[in-house]
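Report on the structure given below.
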Amino acid sequence: MKTAVVIGATGLVGGRLVGRLVNEAGFKKVIAVTRRPVTYQSSKVINDVVDFNALENHKASFQGDVLFSCLGTTAKQAGSIAAQRVVDYDYQYEIAKFAADNGMKHYVLVSSAGADANSRSSYLKMKGELEDAVSLLAFERISIMQPSLLLGEREGFRLGETIGSWVMPALCKLPFLKKYRPITGDEVAKKMVAVALTPKSGAGVKQVFALDEIF
């Protein structure tokens, strides 16, 4: 049985992921790494509270079999694009590096549809740069999820995503927009667990799951 480490465990995808991992016999322990203490109902979950601004002091927290990286914020919540990058790139890359150094074998990342290091969008560029950077780390297996707009209840109100959740399902009935249709956080979490429990196939280390492959 596996030990999972989850960062972003209180977010839309991470919260659903922890709930699913608790009910999976293939995982014996779930380490939820958070900024603040969180109470979980299952004895299978260990809450490891860390200071993300001093991650070098918490390298030992990132040990196990699978690292699930669900961390993320918005420029509005963070205060600026530069502050968002600290969360969406710096923290995630540093943690991934610690996990690889600690011998964790499988890294599962929630990225974004359209992630591209050469994108003109600062958000998609940042996501693409993270994908490229973690792909160079010494994991035996890297699985990257690229969902579109995520639906589900979150902490805090996000106007843009709320409007998108109303408009996009209708627009994406058009054939050429189907690949951008929204997906729930729980659907992404379900796919992440399934991938983690499925033996690696093929010769490559990295596998990217685009929207159609997540549903």
Side-chain angles (χ1 to χ4, degrees), residues 5-17 32-36 38 48-59 61-62 66-102 104 107-139 142-152 154-165 180 182-183 185 188-189 192 206 208-211 214:
V5 178
V6 181
I7 62 171
T10 60
L12 177 59
V13 175
R16 274 67 174 181
L17 178 63
V33 178
T34 61
R35 293 173 180 270
R36 62 184 187 278
V38 180
D48 196 348
V49 181
V50 307
D51 179 358
F52 278 79
N53 292 316
L55 284 169
E56 66 277 3
N57 297 329
H58 303 281
K59 184 175 180 178
S61 296
F62 308 105
V66 187
L67 172 62
F68 293 98
S69 188
C70 311
L71 198 63
T73 187
T74 64
K76 182 178 180 180
Q77 286 180 316
S80 67
I81 292 294
Q84 181 186 20
R85 185 179 177 86
V86 171
V87 176
D88 280 38
Y89 182 93
D90 295 350
Y91 289 165
Q92 295 207 73
Y93 177 72
E94 191 170 4
I95 289 169
K97 188 174 185 305
F98 289 157
D101 290 346
N102 287 338
M104 292 189 75
Y107 176 65
V108 185
L109 171 67
V110 179
S111 183
S112 172
D116 183 346
N118 297 312
S119 176
R120 292 184 179 181
S121 160
S122 58
Y123 177 76
L124 296 179
K125 177 180 175 65
M126 175 171 54
K127 292 296 184 182
E129 288 174 343
L130 179 62
E131 288 188 15
D132 291 349
V134 298
S135 296
L136 299 176
L137 298 176
F139 292 105
I142 297 171
S143 304
I144 298 175
M145 306 289 144
Q146 292 185 335
S148 184
L149 178 67
L150 291 168
L151 301 179
R154 299 179 183 266
E155 289 186 357
F157 178 71
R158 296 183 179 183
L159 178 61
E161 291 180 1
T162 300
I163 294 174
S165 70
Y180 299 110
I183 183 172
V188 178
M192 294 171 78
K206 183 171 77 171
V208 177
F209 295 87
L211 185 61
I214 298 175

Review point. Does the side chain to side chain contact (heavy atoms under 4.5 Å, CB included) test come out yes or no for Asp51 and Asn57, once each step is laid out?
Key: CA-CA 8 Å; Asp51 179 358; Asn57 297 329; over 6 Å; no

Exercise for review: Calculate, to the nearest 0.5 Å, the distance between atoms CD1 and CZ belonging to Ile144 and Phe209 respectively.
Suggested key: 10.0 Å

Practice item. Would you indicate whether the side-chain heavy atoms of Gln92 and Leu109 approach each other to under 4.5 Å? Key: yes

Check your understanding: Are any non-hydrogen side-chain atoms of Thr74 and Tyr123 less than 4.5 angstrom apart?
Key -> no

Review point. Is any side-chain heavy atom of Met145 less than 4.5 Å from a side-chain heavy atom of Val13?
Key: no

Review point. Which value, rounded to the nearest 0.5 Å, describes the distance between Leu55 atom CG and Ile95 atom CD1?
Key: 5.0 Å

Exercise for review: Would you check if the side chain of Lys125 reaches a backbone N or O of Asn118 as a donor-acceptor pair within less than 3.5 Å?
Suggested key: no

Check your understanding: Is there side-chain contact between Val110 and Met192, with heavy atoms separated by less than 4.5 Å?
Key -> yes

Practice item. To the nearest 0.5 angstrom, please state how far the CG atom of Leu71 sits from the CZ atom of Arg35. Key: 7.0 Å

Exercise for review: State the OG-CG distance between Ser111 and Leu130, to the nearest 0.5 angstrom.
Suggested key: 7.0 Å

Review point. Less than 4.5 Å apart, any side-chain heavy atom of Asp90 and any of Glu94?
Key: no

Check your understanding: Is any side-chain heavy atom of Gln84 closer than 4.5 Å to a side-chain heavy atom of Ser122?
Key -> no

Point to revise | Rounded distance (nearest 0.5 Å) linking atom OG of Ser112 with atom CG of Leu124 | key: 5.0 Å

**Study point:** Minimum heavy-atom distance Asp48-Ser61, with the two atoms named
**Key:** OD2-OG, 2.7 Å

Review point. How close do Ala138 and Ala100 get, heavy atom to heavy atom, and via which atoms?
Key: N-CB, 4.0 Å

Review point. Are any of the side-chain heavy atoms of Ile183 and Val188 separated by less than 4.5 Å?
Key: yes

Point to revise | With Lys59 via side-chain hydrogen bond (donor to acceptor under 3.5 Å, both in side chains) - residues at least two apart | key: none

Exercise for review: Please report the closest heavy-atom contact between Ala117 and Asp132, naming both atoms and the distance.
Suggested key: CB-OD2, 3.4 Å

Check your understanding: Going by heavy atoms in the side chains, are Asp101 and Phe62 under 4.5 Å from each other?
Key -> no

Revision key, fill the gap. In short, Val6 meets Cys70 closest at the heavy-atom pair CG1-SG, 4.5 Å

Check your understanding: Say you draw a straight line from OH of Tyr107 to OG of Ser69; how long is it, rounded to the nearest 0.5 Å?
Key -> 3.5 Å

**Study point:** Check ion pair Glu131-Lys127 (N to O, under 4.0 angstrom)
**Key:** no

Study note, to complete from the structure: Nearest heavy-atom approach of Ala83 to Ala78 is CB-O, 3.5 Å

Check your understanding: Tyr91 vs Phe52 aromatic rings, parallel, tilted or perpendicular, using cut-offs 30° and 60°?
Key -> tilted

Point to revise | Minimum heavy-atom distance Asp88-Thr73, with the two atoms named | key: OD1-N, 2.9 Å

